[in-house]
Asker: 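Sharing a structure here in structure tokens format.
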Amino acid sequence: MKILLDRREAAQVAADATLVGIAEGSKDAAFAAALSAEDTLVGGALTRAWESKEVRGRRRETTVFHRTDRAGRIVLAGLGPRPLTAEAVRVAAAECAKSMRGKGIRTVALSLASFTSADLAPDLAVRALADGLILGSYQFVQYRANADSALEEGTIALGRAHGGEEGSLKRALAEETKLLDAVLWVRDITNTPPNIATPAWLAEQAESLTELGLKVTVFDEKKLAELGCGGILAVGGGSRNPPRMVVVEWPGGSRKGRTVAVVGKGITFDSGGISLKPDLGMQEMKFDKSGACSVLGILRAAAVLKAPNRVVGVLACAENLPGGGAYRPSDIVRTYSGATIEVTNTDAEGRVVLADALAYAIAKYHPDEIIDLATLTGAAVVALGEHIGAVVGNDARLEGALVDAGAVTGEQLWRLPLTDPHREMVRSDVADVKNSVEPRYAGVLMGGVFLEHFIGKTPWAHLDIAGPAYARLGTLKFCPPYHPLGATGFGIRLVSEYLVNGPADR
Ligand code: BES
Ligand code: MN
Ligand code: ZN
């Protein structure tokens, strides 16, 4: 959908619906004063609904009124209690976008003043409105003959009282929509089923980024063998769709000399391999490529937003199936760095492909820091649920900066520790490390100390995004409304925020 800025008041804009934000706990007089113009358009129904407590401004509350002066609607969007936050605006806008689906409502006008306050500057409100409308309208409908109608155009009406400078609001909106384009592109790729989205197909999606001035290199199975990427080859061995490693490079803007590597787990389908998963929920494992897909989005955003640093994305792509060439429990594989892995469970495949990709990124590009994104463990979902990603690493500052960036974008991360006892537990009797340890306590940390083995001294943060990478049907109503069913693109806005606006002092 398209988002525009307009100098008029929202109710003056010709649109199928006019959206007004309303905070919980507003005084009756303040409500009446703020909404007097809109109230007359619906014959006083707004104040009646407020006084009867049908409307309270609660979070995710949306109430629709029909205009009496012409066709159209006034929609009150609850913002929850003060202070107003970007997240509250994001949620309110997304909730409205969702509730308008399938009702023939194509255009919407939003009163910017009603979504700003002393606590939330207008440019942040504009970004949050764009997030909510665009992310909340998304549906994966490429393979459906009949799809619900979705919003096509949103007009953010500046009106008299928004208090922002028009030029900076325009810039904020332009940047945010570019970033959101990347998120939607990644959602489509991630939602694409594994019969289509093979490792080679993922590599083709990466290659389309050359149009934006990014350099893309694809390593096929032959090249992976030459490089010594025994981890990716082992995991991909059981599938007729051969593995790929993909490198995407953004040369950088004003700080070219500094390099950030971003590595993603790209398992196009995770059956578990010989350590086969139970059938229940296995279809979710098409989302096991989410980390790699988010890396594509991060690189696309780096190019269109002209990230100051050089950014190198590495995607470790393979399909984990139990075919005749599959790797087995008890196999020992040699990875790119030379370090060996004892395979104790073929379902702990993400860390095996990442071992090659992380070591390759460090050896080849000497990054100043390295971040990886992976749907690595079910344990991350057990520990933190579906809304919060886990972060572990070897650098408190980097981890903290990523947590901070997530607080800005509404992508929550929570830090977990890595300790020496865990480092000991991952050691193998027959190889350097083993990929799974029984009993399966502290699964996120065990994944973390395994990956750490391939990092060395480079500042590193590992994001286990198994929870927030995709929204599941059963718990959809508890997910933020800007996460519609399926892939979310989690991590793209967060890492982009870190790369573009993060601390510059390291
Ligand atoms: N892709 C899964 C992790 C996962 C589980 C992601 C649920 C999203 C939702 C990963 O490859 C896996 O199977 N991990 C194992 C690791 C174990 C064998 C050490 C797990 O979590 O059970
Ligand atoms: Mn697995
Ligand atoms: Zn997996």
Side-chain angles (χ1 to χ4, degrees), residues 190 194 197 199 202 231-232 234-239 243 263-294 315-322 326-331 341-355 357 372-390 392 416 422 425-426 428 433-451 462-475 479 486-488 490-491:
T190 316
L202 263 193
I232 296 177
V235 172
S239 170
V263 177
K265 169 179 175 181
I267 299 298
T268 56
F269 186 72
D270 181 12
S271 71
I274 298 296
S275 313
L276 197 65
K277 287 182 181 296
D279 56 357
L280 197 77
M282 198 198 272
Q283 76 279 2
E284 285 182 9
M285 287 302 125
K286 74 165 180 173
F287 297 116
D288 215 20
K289 59 187 180 297
S290 297
C293 294
S294 284
L315 288 67
C317 307
E319 185 174 33
N320 189 20
L321 290 185
Y327 76 144
R328 340 156 171 71
S330 77
D331 279 1
I341 300 170
E342 178 195 1
V343 177
T344 47
N345 187 321
T346 64
D347 198 12
E349 83 297 336
R351 61 200 74 187
V352 179
V353 298
L354 287 173
D372 76 77
L373 296 98
T375 48
L376 203 74
T377 66
V381 195
V382 173
L384 296 172
E386 289 174 274
H387 308 113
I388 306 173
V392 299
L416 294 171
H422 297 106
M425 283 154 70
V426 84
S428 160
V433 281
K434 53 183 166 187
N435 75 333
S436 145
V437 179
E438 296 292 338
R440 283 195 218 157
Y441 298 151
V444 180
L445 317 192
M446 295 311 294
V449 292
F450 179 97
L451 297 177
H462 158 62
L463 311 188
D464 193 332
I465 59 170
Y470 57 98
R472 296 127 176 114
L473 188 58
T475 47
C479 287
T488 61
F490 187 91

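Every value quoted in this text rests on a predicted model; they were computed, and no experiment measured them. Counting starts at 1 for both ligands and their atoms, following the listed order.
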Asker: Could you find the nearest protein heavy atom to atom 22 (O) of ligand 1 and give me its residue, atom name and distance?
Answerer: R440 NH1, 3.7 Å

Asker: Using only atom types and a distance under 3.5 Å, with no angle test, would you say the side chain of S428 pairs donor to acceptor with the backbone of E342?
Answerer: no

Asker: Which residue supplies the protein heavy atom nearest to atom 14 (N) of ligand 1, what is that atom called, and how far is it?
Answerer: L376 O, 3.4 Å

Asker: Please assess R440 against E438 for the test salt bridge (charged side-chain N to carboxylate O under 4.0 Å, His left out), listing each intermediate value before the final yes or no.
Answerer: CA-CA 5 Å; R440 283 195 218 157; E438 296 292 338; 3.2 Å; yes

Asker: Does any N/O atom on K265 come nearer than 3.5 Å to any N/O atom on ligand 1?
Answerer: yes

Asker: Should you measure from each heavy atom of T375, which atoms of ligand 1 turn up under 4.0 Å away?
Answerer: 1 (N), 2 (C), 3 (C), 6 (C)

Asker: Measure the CD1-OG1 distance between I465 and T377 for me, rounded to the nearest 0.5 Å.
Answerer: 11.5 Å

Asker: Only N/O/S atoms count here: what is the atom of E349 closest to the Zn ion (ligand 3) called?
Answerer: OE2

Asker: What are the two closest heavy atoms between V353 and A318, and how far apart are they?
Answerer: CG1-CB, 4.4 Å

Asker: To which protein heavy atom is atom 18 (C) of ligand 1 closest, and what is the distance rounded to 0.1 Å?
Answerer: N345 ND2, 3.6 Å

Asker: In Å, rounded to the nearest 0.5 Å, how long is the span from CG of L463 to OG1 of T375?
Answerer: 12.0 Å

Asker: Any idea which heavy atoms bring Y470 and M285 closest together, and the distance?
Answerer: OH-CE, 4.0 Å

Asker: Report the atom name of the nearest N/O/S atom of D270 relative to the Zn ion (ligand 3).
Answerer: OD2

Asker: Which residue holds the protein heavy atom closest to atom 16 (C) of ligand 1, what is that atom called, and what is the gap in Å?
Answerer: R351 NH2, 3.8 Å

Asker: Give the name of the N/O/S atom in D288 that lies closest to the Zn ion (ligand 3).
Answerer: OD2

Asker: Rounded to the nearest 0.5 Å, what separates atom CD1 in I341 from atom OH in Y327?
Answerer: 8.5 Å

Asker: Could you say whether the N/O atoms of E349 and ligand 1 ever approach to under 3.5 Å?
Answerer: yes

Asker: For a quick test of reading the model, state the closest non-hydrogen atom pair linking P243 to P199 and the distance between them.
Answerer: CA-CB, 4.1 Å

Asker: At what distance is the nearest protein heavy atom to atom 7 (C) of ligand 1, and which residue and atom is it?
Answerer: M285 CE, 3.6 Å

Asker: Looking only at heavy atoms, which two atoms of S294 and F490 are closest? And how far apart?
Answerer: OG-O, 2.9 Å

Asker: With side chain to side chain donor-acceptor pair (under 3.5 Å) as the criterion, how do S271 and N320 come out once you've worked through the C-alpha distance, each side chain's angles and the decisive distance to 0.1 Å?
Answerer: CA-CA 6 Å; S271 71; N320 189 20; 5.3 Å; no

Asker: When only distance counts, is G378 in polar contact with ligand 1, meaning an N/O pair under 3.5 Å?
Answerer: yes

Asker: So does T344 get a backbone contact from the side chain of N435, meaning a donor-acceptor N/O pair under 3.5 Å?
Answerer: yes

Asker: Do you know the tightest heavy-atom contact between A316 and I232?
Answerer: CB-CD1, 4.1 Å

Asker: Which ligand 1 atoms are under 4.0 Å away from a heavy-atom of Y470?
Answerer: 8 (C), 9 (C)

Asker: State whether D288 contributes an N/O/S atom found under 2.8 Å from the Mn ion (ligand 2).
Answerer: no

Asker: Of all the non-hydrogen atoms in the protein, which one sits nearest to atom 12 (C) of ligand 1, and at what distance?
Answerer: D347 O, 3.2 Å

Asker: Nearest protein heavy atom to atom 2 (C) of ligand 1, by residue and atom, and its distance?
Answerer: D270 OD2, 3.5 Å

Asker: If you check every N/O/S atom of E349, which is the one nearest the Mn ion (ligand 2)?
Answerer: OE1

Asker: For the Zn ion (ligand 3), decide whether K265 has an N, O or S atom at a distance under 2.8 Å.
Answerer: yes

Asker: Tell me which N, O or S atom from D270 is the closest to the Mn ion (ligand 2).
Answerer: OD2

Asker: Does any N/O atom on K277 come nearer than 3.5 Å to any N/O atom on ligand 1?
Answerer: yes

Asker: Among all protein heavy atoms, pick the one closest to atom 1 (N) of ligand 1 and tell me residue, atom and distance.
Answerer: D288 OD1, 2.8 Å

Asker: Considering all heavy atoms of both residues, which atom of G448 and which atom of H462 are nearest to each other, and what is their separation?
Answerer: CA-CD2, 4.4 Å

